[in-house]
*Asks:* 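Here it is, the structure in full.
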Number of protein chains: 2
Amino acid sequence: MGHRPRKEMIAETRAKLVAAARHAFGTVGYAEASMDDFTASAGLTRGALYHHFGDKKGLLQAVIAEIDAEMVGRLKVVSARADSLWQGFVDECTAYIEMALEPEIQRIVLRDGPAVLGDPSQWPSQNECIRSMSENLQKLRDEGTILAVDPEAAARLISGASLHAAQWIANSDDPEATSKKAVKAFNVLLEGLLKHAGRPQNSNQPALIGSTQD
Amino acid sequence: MGHRPRKEMIAETRAKLVAAARHAFGTVGYAEASMDDFTASAGLTRGALYHHFGDKKGLLQAVIAEIDAEMVGRLKVVSARADSLWQGFVDECTAYIEMALEPEIQRIVLRDGPAVLGDPSQWPSQNECIRSMSENLQKLRDEGTILAVDPEAAARLISGASLHAAQWIANSDDPEATSKKAVKAFNVLLEGLLKHAGRPQNSNQPALIGSTQD
DNA sequence: TATTTGACATACGCCTCGTATGTCATTATC
DNA sequence: GATAATGACATACGAGGCGTATGTCAAATA
């Protein structure tokens with residue numbers, strides 16, 4: 001069993017800590033997660049944690065950065081495979097809601113994160129999501145598809161709405177039905193951005209979102 | 001110095017605890033607030049706290065209930081004094097954003113609350129705000145002003161957007177400018193709800209919100 | 001080979017929370 | 001009106017959790 005290069009061992013230790021913390025934070029929550037416990041579950045001690053991440057908050061930052069990077073990647077895939085910019089944007093929003101339904105994301109990124117690390121708009125990572133959305137909105141504006149709203153402002157409003165929609169859905173008695181209601185209302189709001197207001201008088205039929213329709 | 005009736009003394013104790021906790025939670029945050037410290041600042045001990053509220057979370061619930069009741073009251077005043085239902089609704093949304101700018105509300109209700117007590121949509125109190133908004137939307141739908149969206153869904157999306165807008169504003173370098181951008185974008189989204197899409201092609205001029213324009 | 005660096009583990013003290021217990025005033029019972 | 005019972009608190013105690021200071025040992029460096 002030849003020893004792996006040093007760099008790799010260290011990276012593995014960091015990864016193990018992040019993984020263990022991610023699991024603990026995602027299940028019992030940040031406050032209830034004992035550093036002794038989850039470092040032990042990774043075969044390490046708090047010593048390693050403090051050495052690599054400074055403190056518990058530092059580890060939370062690392063965990064969030066990891067999750068957020070995954071989220072950005074997934075969002076880029078979604079928007080890239082759409083036919084139009086607008087459709088890509090709408091799909092991205094829907095995907096954002098769907099991701100926010102995942103317990104790990106909801107708990108760590110959307111609840112504990114802001115409480116422990118402060119407002120997410122200040123995080124370098126979270127801004128990636130917003131920036132990605134802002135860029136799309138900017139393009140849509142240049143293209144003349146949407147009204148002349150500030151892209152970042154719209155992006156933040158939309159991400160806030162998505163986030164709350166997701167929490168509402170996740171905690172509802174009937175997530176399926178709730179999800180449909182939320183997505184429909186969400187589309188109505190998004191269409192408010194469109195320059196030509198070509199929308200139906202009666203919105204009881206499915207809205208123009210694509211990816212979640214069955 | 002005649003002793004006040006017993007009931008009043010107890011209510012006063014509860015009120016003192018809630019006030020002290022509210023101040024501590026609002027300034028240093030829930031996690032950093034020492035029960036020993038803020039009970040002492042009220043001239044009491046943790047004994048009183050545990051007797052009345054069970055635990056730290058119980059006290060947080062009481063604090064949030066108090067703040068939320070105030071918020072509902074303020075929102076009702078705002079919507080009541082508007083000319084039309086729609087204008088009342090728009091004003092209420094703006095007021096919601098403005099309230100979310102207050103550090104105490106932001107910290108206790110919007111950040112620590114969800115982290116400690118779980119999703120706000122499950123709180124009896126927070127639902128008051130949503131319900132109030134939902135009722136207004138229901139009326140607007142009955143009146144034929146807005147499209148046939150689910151009122152609760154729309155209310156949740158809007159409150160989520162408001163909340164994030166507020167946090168964005170509060171943490172920005174230039175809250176004034178940011179606020180204007182946010183409110184403008186917010187109005188564009190809200191107008192998406194309107195049945196007759198009578199909106200300008202160019203939204204560079206002030207939107208139709210009233211209360212925050214100078 | 002001697003030295004230094006750095007990745008961890010161990011040991012210690014402080015703080016905080018929750019509970020169990022105690023005390024004293026008020027209320028109920030006779 | 002004396003006594004018992006209730007309830008509103010304070011005090012005392014124990015358990016964990018966090019952060020830091022210190023120790024150890026392997027790897028890089030010279």
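Everything quoted here is computed from the prediction, not taken from an experiment. The basis for the numbers below is simple: all heavy atoms, side chains too, and nothing from hydrogens, waters or symmetry mates. Residue numbering restarts at 1 for every chain, and letters A, B, ... go by the order of the sequence lines.
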*Asks:* Going by distance alone, is a donor N or O of one side chain under 3.5 Å from an acceptor N or O of the other, for B:Asn187 and B:Glu191?
*Replies:* no
*Asks:* Could you run down nucleotides 14-21 of chain C 5' to 3' and tag each one B, S or - for protein heavy-atom contact under 4.0 Å?
*Replies:* --SBBB--
*Asks:* What is the distance from CD of B:Glu12 to P of D:dA8, rounded to the nearest Å?
*Replies:* 15 Å
*Asks:* Expressed in angstrom and rounded to an integer, what is the separation of B:Met9 atom CE from D:dC9 atom P?
*Replies:* 8 Å
*Asks:* Take the protein atom CG of B:Leu17 and the nucleotide atom P of D:dA8, then report the distance between them rounded to whole Å.
*Replies:* 13 Å
*Asks:* Looking at B:Thr13, I'd like to know whether one of its side-chain N or O atoms comes within less than 4.0 Å of OP1 or OP2 on D:dA8.
*Replies:* no
*Asks:* Would you give the length of the straight line joining atom CZ of B:Phe89 to atom CG of B:Asp91, rounded to the nearest 0.5 angstrom?
*Replies:* 11.0 Å
*Asks:* Is the side chain of B:Asp112 donor-acceptor paired with the backbone N or O of B:Tyr30 at a distance under 3.5 Å, no angle test?
*Replies:* yes
*Asks:* Using atom types as modelled and distance alone, determine if a side-chain donor or acceptor of A:Arg111 lies under 3.5 Å from a backbone N or O of B:Gly118.
*Replies:* no
*Asks:* Where the side chain of A:Leu44 is concerned, which of C:dA9, D:dG7, C:dA7 is the nearest nucleotide?
*Replies:* C:dA9
*Asks:* Rounded to whole Å, please give me the gap between CD1 in A:Ile10 and C1' in C:dA9.
*Replies:* 16 Å
*Asks:* Find the distance A:Arg14:CZ to C:dC8:P and express it as a whole number of Å.
*Replies:* 10 Å
*Asks:* Answer yes or no: does a side-chain N or O of B:His51 lie under 4.0 Å from OP1 or OP2 of D:dA8?
*Replies:* yes
*Asks:* Indicate yes or no: does A:Glu152 engage A:Arg156 in a salt bridge with an N to O separation below 4.0 Å.
*Replies:* yes
*Asks:* Would the distance check show the side chain of B:Gln106 and the main-chain N or O of B:Leu101 forming a donor-acceptor pair, the cut-off being under 3.5 Å?
*Replies:* no
*Asks:* Should B:His52 be listed as having a side-chain N or O under 4.0 Å from OP1 or OP2 of D:dC9?
*Replies:* yes
